[in-house]
K.L.:
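Below: one structure in structure tokens.
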Number of protein chains: 2
Amino acid sequence: MSRSNPRVLATLERAGGFASAQEVYRLMQREGESIGLTTVYRSLQSLLNDKIVDVLRREDGEAIYRLCGGAHHHHLVCKGCGETVEIEGGAIEKWAKTMAQEFGFRDVGHTAEIFGLCPKC
Amino acid sequence: MSRSNPRVLATLERAGGFASAQEVYRLMQREGESIGLTTVYRSLQSLLNDKIVDVLRREDGEAIYRLCGGAHHHHLVCKGCGETVEIEGGAIEKWAKTMAQEFGFRDVGHTAEIFGLCPKC
DNA sequence: AGCACAAATGAAAATGATTTTCATTCCCAT
DNA sequence: ATGGGAATGAAAATCATTTTCATTTGTGCT
Ligand SMILES: [Zn+2]
Ligand SMILES: [Zn+2]
Ligand SMILES: [Zn+2]
Ligand SMILES: [Zn+2]
């Protein structure tokens with residue numbers, strides 16, 4: 001595997017910590033940085049490995065990467081401007097554990113995201 | 001828009017109520033049913049419109065369609081065999097509402113899924 | 001400086017899901 | 001039967017992502 005190109009991370013930050021590989025690439029192009037699309041993909045993959053970013057999917061299936069604290073957490077995302085708040089999910093953790101137990105599931109993980117419009121939008 | 005081809009829904013049922021468009025297509029082929037891939041996509045899209053199926057994404061981004069009751073609910077999915085249980089999410093509903101309120105978000109929706117290994121796997 | 005070798009880069013091709021186009025086939029009401 | 005709209009599907013187009021592979025870059029060593 002390869003190490004992440006630092007300019008990719010910098011660009012993701014500049015983008016508001018929330019963008020797809022294609023978007024990061026286009027943003028870098030627009031700002032005159034010379035980089036290949038392949039490198040952007042590789043860098044994001046590497047950041048993902050190192051748990052420096054999080055990935056989730058747009059409705060159309062495109063992967064979006066997001067700067068993220070390492071610990072387990074959930075998100076509140078604005079559908080309008082993309083602003084993201086990391087939130088604590090104690091209730092979810094308990095719910096997931098309870099449900100898994102009830103149906104005899106082992107080795108469980110979960111996803112939970114909230115979407116809406118932020119105060120500004 | 002077009003109406004769903006009933007054989008597509010029948011096949012999705014036969015597949016355990018859980019499959020991607022490509023999988024439904026391949027399954028129908030294997031069983032000697034004559035149908036075009038385009039029709040499979042269109043039918044699933046239509047079933048989705050009518051809220052007869054649910055869609056979510058595999059890790060690689062492929063859309064999987066699932067027979068689903070119409071009311072709002074969540075899922076417990078087996079990573080091994082794909083078996084899915086519809087579960088009630090009262091705790092989630094409350095959590096989402098609380099969090100949205102706390103950060104002033106309006107017009108909120110949410111997703112929540114639990115993944116694990118079922119007793120048989 | 002000059003060399004060797006590994007890691008990083010990126011252009012181009014390959015892949016794979018999904019959508020679009022468009023000509024043909026079906027089906028139904030007149 | 002017939003005219004027109006709906007349904008169908010083959011083939012092409014799109015689009016994100018991955019793979020290939022040749023080139024460039026960086027680093028340590030002499
Ligand atoms: Zn907003
Ligand atoms: Zn959690
Ligand atoms: Zn199972
Ligand atoms: Zn819910």
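Residue numbers begin at 1 in each chain, while the letters A, B, ... track the order of the sequences.
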K.L.:
Tell me the interatomic distance from B:Y25, atom OH, to C:dT19, atom P, rounded to whole angstroms.
P.N.:
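In whole Å, C:dT19 P lies 16 Å from B:Y25 OH.
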
K.L.:
Atom CZ of B:R26 to atom C1' of C:dG16: distance rounded to whole Å?
P.N.:
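Rounded to whole Å, this separation is 10 Å.
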
K.L.:
Calculate, to the nearest 0.5 Å, the distance between atoms CG and NE2 belonging to B:D54 and B:H74 respectively.
P.N.:
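B:D54 atom CG to B:H74 atom NE2 measures 10.5 Å (nearest 0.5 Å).
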
K.L.:
Tell me: CZ of A:R7 to C1' of D:dT25, nearest whole Å?
P.N.:
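My rounded result for the distance is 13 Å.
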
K.L.:
Does this structure show an ion pair linking B:E33 with B:R7, if we count only N-O contacts that are shorter than 4.0 Å?
P.N.:
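A salt bridge is present here (some side-chain N lies under 4.0 Å from a carboxylate O).
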
K.L.:
Between P on D:dT18 and CG on A:L48, what's the gap in Å once rounded to a whole number?
P.N.:
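The distance from CG of A:L48 to P of D:dT18 comes to 10 Å, rounded to the nearest Å.
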
K.L.:
Looking at D:dG9, D:dA16, D:dT20, which one has an atom nearest to any side-chain atom of A:T38?
P.N.:
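Selected nucleotide: D:dT20.
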
K.L.:
Under a 4.5 Å cut-off applied to non-hydrogen side-chain atoms, are B:Y65 and B:S20 in contact?
P.N.:
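Side chain of B:Y65 against side chain of B:S20, heavy atoms only: no contact under 4.5 Å found.
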
K.L.:
Round to a whole Å and report the spacing from CZ of B:R57 to P of D:dT17.
P.N.:
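Atom-to-atom, B:R57 to D:dT17, this comes out as 11 Å.
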
K.L.:
Once you round it to whole Å, what is the distance between P of D:dA7 and CG of B:L44?
P.N.:
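Distance, rounded to whole Å: 16 Å.
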
K.L.:
Just how far, in rounded Å, is P of D:dA12 from CG of B:L37?
P.N.:
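That distance rounds to 15 Å.
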
K.L.:
Looking at A:Y41, I'd like to know whether one of its side-chain N or O atoms comes within less than 4.0 Å of OP1 or OP2 on D:dT18.
P.N.:
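No, outside the criterion.
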
K.L.:
Does B:L12 belong to the same Ile/Leu/Val/Met/Phe/Trp/Tyr cluster as B:L48, with side-chain heavy atoms less than 4.5 Å apart forming each link?
P.N.:
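As far as the 4.5 Å side-chain criterion goes, B:L48 and B:L12 are connected within one cluster.
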
K.L.:
Assuming nearest nucleotide by heavy-atom distance, tell me which of A:R42 and A:Q22 is located more 5' along DNA chain D.
P.N.:
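Upstream on the strand: A:Q22.
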
K.L.:
Are A:V55 and A:I64 close enough that some pair of their side-chain heavy atoms sits under 4.5 Å apart?
P.N.:
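SC-SC contact between A:V55 and A:I64 ruled out.
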
K.L.:
Answer with base, sugar-phosphate or nothing: what part of the nucleic acid does B:D60 contact at a heavy-atom distance below 4.0 Å?
P.N.:
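Counting heavy atoms under 4.0 Å across all strands, no contact is made by B:D60.
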
K.L.:
Give one of base, sugar-phosphate or nothing for B:S4, where a contact means two heavy atoms less than 4.0 Å apart.
P.N.:
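Counting heavy atoms under 4.0 Å across all strands, no contact is made by B:S4.
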
K.L.:
Can you figure out which of C:dA8, D:dT17, C:dG10 approaches the side chain of A:I35 most closely?
P.N.:
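Selected nucleotide: C:dG10.
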
K.L.:
Rounded to the Å, how far apart are B:R3 CZ and C:dC28 C1'?
P.N.:
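Those two atoms, CZ and C1', are 12 Å apart.
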
K.L.:
Does B:N5 put a side-chain nitrogen or oxygen below 4.0 Å from OP1 or OP2 of D:dA7?
P.N.:
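No, B:N5 has no side-chain N/O under 4.0 Å of OP1/OP2 on D:dA7.
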
K.L.:
With the side chain of B:T39 defined as its heavy atoms from C-beta on, choose the nearest nucleotide among D:dT19, D:dG9, C:dT18.
P.N.:
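My answer, after comparing the listed nucleotides, is D:dG9.
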
